Amino acid sequence: MRTVYVNGEYLPESEAKVSIFDRAFLMADGVYEVTSVLGGKLIDFDGHAKRLARSLNELDMKAPCTEDELLAIHRELVARNEITDGLVYLQVTRGSAGDRDFAFPDPETTEPTLVLFTQNKPGLAESPAAKTGIKVISLEDIRWGRRDIKTVQLLYPSMAKMAAKKAGCDDAWFVEDGKVTEGSSNNAYIVKGGKIITRELSHDILHGITRAAVLRFAKEAQMVVEERSFTVEEAQQADEAFVTSASSFVMPVVELDGAKIGAGTPGPVAARLREIYLEESMKMAV
Ligand code: PDD
């Protein structure tokens, strides 16, 4: 039985409760973060805390506590649940005004809801999929226009994962106006002629914390990075492809819509970036 955190209390998961009028439950009016834990330490915590603050700000939502308090809660949950490798999930919602109403409640009288829980994933960094690579399908991106805000509106990404599964694949890449936006829960990249290509930041994609770190490490290692969008056809003809996220780090993609990418096996650039990312981010873990 896990210990979880709800609005100031550490509780057994079976005793944790949130109102049925909570705006995240009724309106998907909430934002979240997922931070990985390796060797009992938090990876890229500062980036996740900063992005959370940005998501809250973009939605005129009140911060439930300070960044230092958030860090303390993360650490306490990791310790109480004896997590060596895994994830910490955090969600902030606009809270409950005790009824259903499209209008936002007054933040002076309605407190945000803050929930955190851990997911134990022993050997998270040694995922077998990193050795074989994953297969993806492409799907039309019909999500809303502010994908840079990390909201809990995840129905379409869930449907995309199910469609991928049904097609015998692992994940989906979303496509808008003929160009890949991002993966269902990760950022998407191709490698061509040694160049790392990934869509530029905008409202169209989530500004991945892993993306920021990986691009920084790539540049430090003298690799060439080009931030621009690319088509499915370009990806199918690339030398390599991969995705990044807090839960998969750097994950090679070896097939897109049935077409093998490169040799159809994980490529050297993805493998190298995964190695550098894990090594460097563990050094900076808190
Ligand atoms: N997803 N794009 C989307 C749509 C995502 O949902 C995520 C993360 C990313 C990668 O962001 P980061 O590197 O900060 O994890 C990109 C998390 C892991 C999730 O929903 O579980």
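Treat the numbers as computed from the prediction; the structure is a model and nothing was measured. Note that ligands are numbered from 1 as they come in the structure, with each ligand's atoms numbered from 1 the same way.
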### Summary
Nearest heavy-atom contact between Ile276 and Ala221 is CD1-CB, 4.2 Å
### Message
Within a 6.0 Å radius of atom NZ on Lys41, are there more than 12 heavy atoms belonging to other residues, nucleotides or ligands?
### Response
no
### Axial cation check for Phe174 ring with Arg143, 6.0 Å and 45° limits
no
### Task
Provide the number and element of each atom of ligand 1 under 4.0 Å from a heavy atom of Arg51.
11 (O), 12 (P), 14 (O)
#### Entry: Structural part of Asn186 in contact with ligand 1, heavy atom criterion under 4.0 angstrom
backbone
### Message
Assess the residue pair Asp257 and Ser138 against the criterion (side-chain hydrogen bond (donor to acceptor under 3.5 Å, both in side chains)); give the C-alpha distance rounded to whole Å, side-chain angles, the decisive distance to 0.1 Å, and a yes or no.
### Response
CA-CA 6 Å; Asp257 288 340; Ser138 68; 2.6 Å; yes
### Task
Just let me know how Arg147 lines up against ligand 1, side chain, backbone, both or neither, with a heavy-atom cut-off below 4.0 Å.
neither
### Summary
Ranked by distance from atom 11 (O) of ligand 1, the top protein heavy atom is Gly208 CA, 3.5 Å
### Query
Between Glu182 and Arg211, is there a side-chain N and carboxylate O pair less than 4.0 Å apart?
no
### Query
Against heavy atoms of Ala246, which atoms of ligand 1 measure under 4.0 Å?
12 (P), 13 (O), 15 (O)
### Message
Are Asn81 and Asn120 packed together at the side-chain level, in the sense that at least one heavy-atom pair is separated by less than 4.5 angstrom?
### Response
no
### Query
Can you list the atoms of ligand 1 that are under 4.0 Å from a heavy atom of Ser184?
4 (C)
### Query
With only distance considered, is His48 within less than 3.5 Å of ligand 1 through an N or O on each side?
no
### Task
For the residue pair Phe217 and Tyr277, categorise the inter-ring angle as parallel (less than 30°), tilted (30 to 60°) or perpendicular (more than 60°).
tilted
## Note on the structure
Atoms of ligand 1 under 4.0 Å from any heavy atom of Ser247, numbered from 1 in the order shown, are 18 (C)
### Message
Using side-chain hydrogen bond (donor to acceptor under 3.5 Å, both in side chains), reason through Ser184 and Lys161 one step at a time and then give a plain yes or no.
### Response
CA-CA 7 Å; Ser184 70; Lys161 293 261 192 215; 3.2 Å; yes
#### Entry: Residue portion contacting ligand 1 (non-hydrogen atoms closer than 4.0 Å) for Thr244
backbone
### Task
Run through Asn7, Thr93, Thr113 and flag the one making a side-chain contact (heavy atoms from CB on, under 4.5 Å) with Val18.
Thr113
#### Entry: Per-atom contacts of ligand 1 with Arg143, taking only distances under 4.0 Å to non-hydrogen atoms
4 (C)
### Query
Does an N or O anywhere in Thr210 fall below 3.5 Å from an N or O of ligand 1?
yes
### Query
Which of the numbered atoms in ligand 1 are below 4.0 angstrom from a heavy atom of Tyr32?
6 (O), 19 (C), 20 (O)
### Query
For atom 6 (O) of ligand 1, what is the nearest protein heavy atom, given as residue, atom name and distance?
Ser185 CA, 3.4 Å
### Message
Please work out, at 4.0 Å between heavy atoms, whether the side chain, the backbone, both, or neither of Pro157 comes within that distance of ligand 1.
### Response
neither
### Query
Can you check salt bridge (Lys or Arg N to Asp or Glu O under 4.0 Å) on Arg228 and Glu234, steps first, answer last?
CA-CA 12 Å; Arg228 62 159 176 90; Glu234 195 180 357; 2.8 Å; yes
### Query
Are any of the heavy atoms in Gln119 under 4.0 Å away from ligand 1?
no
### Of Leu77, Val4, Val92, the residue whose pairing with Leu116 passes side-chain contact (heavy atoms from CB on, under 4.5 Å)
Leu77
### Sub-4.0 Å heavy-atom approach of Tyr89 to ligand 1
no
#### Entry: Nearest candidate to atom 1 (N) of ligand 1, where distance is taken over non-hydrogen atoms, out of Lys150, His207, Glu33, Glu182
Lys150
### Task
Could you say whether the N/O atoms of Ile209 and ligand 1 ever approach to under 3.5 Å?
yes
### Task
Determine whether Glu111 and Lys62 make a side-chain contact, defined as any pair of heavy atoms from C-beta on separated by less than 4.5 Å.
yes
### Query
For ligand 1, does Asn187 get within less than 4.0 Å through its side chain, its backbone, both, or neither, judged by non-hydrogen atoms?
both
### Query
Which of the atoms of ligand 1 are close to Val34, meaning less than 4.0 Å from one of its heavy atoms?
19 (C), 21 (O)
